[in-house]
Amino acid sequence: MVQLKKKLSGKMRLKYTPPYAGAGDMPEPDMFVLTSAGQRIPAHSKILASASAVLESIIERPEKHRSSERKITISGVPYDAVHVFLQFLYFNKCSDEHMESYGIHLLALSHVYSVQQLKQICTRGLAKRLSVENVVDVLQLARLCNAPDLYLKCMRLVSDKYKAVEETEAWRFLQEHDPYLELEILQFIDETESRKKKTRRHREEQSLYMQLSEAMDCLEHICSEGCTSVGPCDMDPNEHKGPCSKFSTCQGIQLLIKHFGACKKRVNGGCSRCSRMWQLFKLHSSICDQPDECRVPLCRQFKLKTQQDRRGNDPRWRLLVKKVISARTISSLSLPKRKREDEPRIVLQPHGSRRSIRV
């Protein structure tokens with residue numbers, strides 16, 4: 001029995017170790033911090049006041065019935081969490097072990113007593129330790145403690161793992177006691193899904209514009225230089241070049257040109273493939289800035305018809321042309337600088353002759 005009492009007393013002495021233990025010679029503490037269970041932790045008023053403006057106001061606040069013993073009460077959290085909090089006020093340090101055990105309590109204390117450095121440490125530490133089981137509790141605390149970064153991380157985790165979070169006891173408690181936060185979470189999930197759909201749609205549109213831009217490049221390439229089996233009418237078929245770097249697209253344009261030249265339905269508009277070819281010609285004409293010298297068929301005719309026919313200025317068509325031009329610009333900028341400099345450019349002479357130069 002005596003040995004058991006000695007062990008218990010040893011544990012109590014260890015538990016009630018002052019927060020400033022190991023700091024060397026310190027003056028005698030002039031106050032106590034009372035915890036929820038009634039434990040008293042000795043402390044120094046000047047150190048607490050210098051570390052927290054809130055504690056400073058509490059310490060300096062006059063009391064009507066002041067006793068000879070100075071004390072402040074920190075309730076609502078375990079004794080060990082208060083002890084770690086006071087240690088941080090003395091040494092500005094918080095170990096991973098303490099963060100693992102008391103991170104939620106320390107965040108609440110750092111917010112209530114306005115200790116910003118500890119609040120930032122707790123925000124980062126709790127963000128690293130988020131899980132499906134604790135994310136709802138941490139989310140509620142982040143909302144109460146005005147920790148937007150932690151709040152956003154919690155919201156993203158709930159959105160990504162909603163099915164799993166929905167099965168936790170914390171979520172059922174939230175539904176019963178905090179319907180407003182549940183509504184915020186559901187709205188965030190809905191907005192996240194909308195953004196994802198919008199981003200996916202934007203990428204698909206950009207991919208389409210890039211494909212049209214590449215088709216325009218291949219059309220100009222075929223009509224000016226020739227590629228494999230298709231080339232300008234004034235060029236010997238034997239002089240046509242081999243497959244180009246964009247042959248997967250270029251081959252499709254060549255097949256479309258061959259069909260367009262032989263199809264008998266294109267005049268009446270009864271062929272969908274020919275209609276596609278007409279649209280490519282029109283799109284090229286809308287982009288081309290040298291229709292008089294351009295070697296792409298019908299370029300000049302489409303340009304004149306568009307200028308004469310005001311109804312041809314369809315807003316949707318103008319938007320398509322703008323997007324394709326933007327895609328061509330982005331495509332050219334995405335090429336390595338050296339490749340852009342080494343790439344030969346076709347320059348048309350006044351009489352229609354071609355010469356290749358390197359810029």
Sorted by chain and number, sequence neighbours left out, salt bridge (Lys or Arg N to Asp or Glu O under 4.0 Å) with Arg203 holds for none
Shortest non-hydrogen pair, Ile253 vs Cys218, comes out as CG1-CB, 4.2 Å
- Query: For the residue pair Phe260 and Trp278, does the interplanar ring angle fall in the parallel (under 30°), tilted (30 to 60°) or perpendicular (over 60°) class?
  - Reply: perpendicular
Minimal heavy-atom distance between Ala147 and Thr123, with the atoms involved, is CB-OG1, 4.2 Å
*asked:* Would you say Leu181 ends up clustered with Phe173 if hydrophobic residues are merged whenever their side chains have heavy atoms under 4.5 Å apart, either directly or through other cluster members?
replied: no
- Under 6.0 Å from the CD atom of Gln116, do we count more than 12 heavy atoms belonging to anything else shown? yes
query = Do Tyr162 and Leu186 have side-chain heavy atoms sitting under 4.5 Å apart?
reply = yes
All heavy atoms of Ile59 vs all of Leu48, minimum pair found to be CD1-CB, 4.0 Å
- Message: Is any side-chain heavy atom of Cys122 closer than 4.5 Å to one of Lys119?
- Response: no
Any Leu280 side-chain heavy atom under 4.5 Å of Met216 side chain:
yes
On a heavy-atom basis, the closest approach of His44 and Asp30 is CA-OD1, 3.4 Å
Heavy atoms of His105 and Ala81 approach each other most closely as CB-CB, 3.7 Å
Salt bridge (Lys or Arg N to Asp or Glu O under 4.0 Å) filter on Asp178, not counting sequence neighbours, yields Arg143
Do Leu107 and Val115 belong to the same hydrophobic cluster, where Ile, Leu, Val, Met, Phe, Trp and Tyr are linked whenever their side-chain heavy atoms lie under 4.5 Å apart, directly or via other members? no
Please check if Leu141 and Phe85 belong to a single hydrophobic cluster, counting links between Ile, Leu, Val, Met, Phe, Trp and Tyr side chain heavy atoms closer than 4.5 Å.
no
Shortest non-hydrogen pair, Tyr113 vs Thr73, comes out as OH-O, 3.8 Å
What about Leu126 and Phe88, same hydrophobic cluster or not, with Ile/Leu/Val/Met/Phe/Trp/Tyr joined at side-chain heavy-atom distances under 4.5 Å? no
Quick check: are there more than 12 heavy atoms from other residues, nucleotides or ligands sitting under 6.0 Å from CZ of Arg195? yes
Linking I/L/V/M/F/W/Y whenever any side-chain heavy atoms sit under 4.5 Å apart, do Leu34 and Val77 land together? no
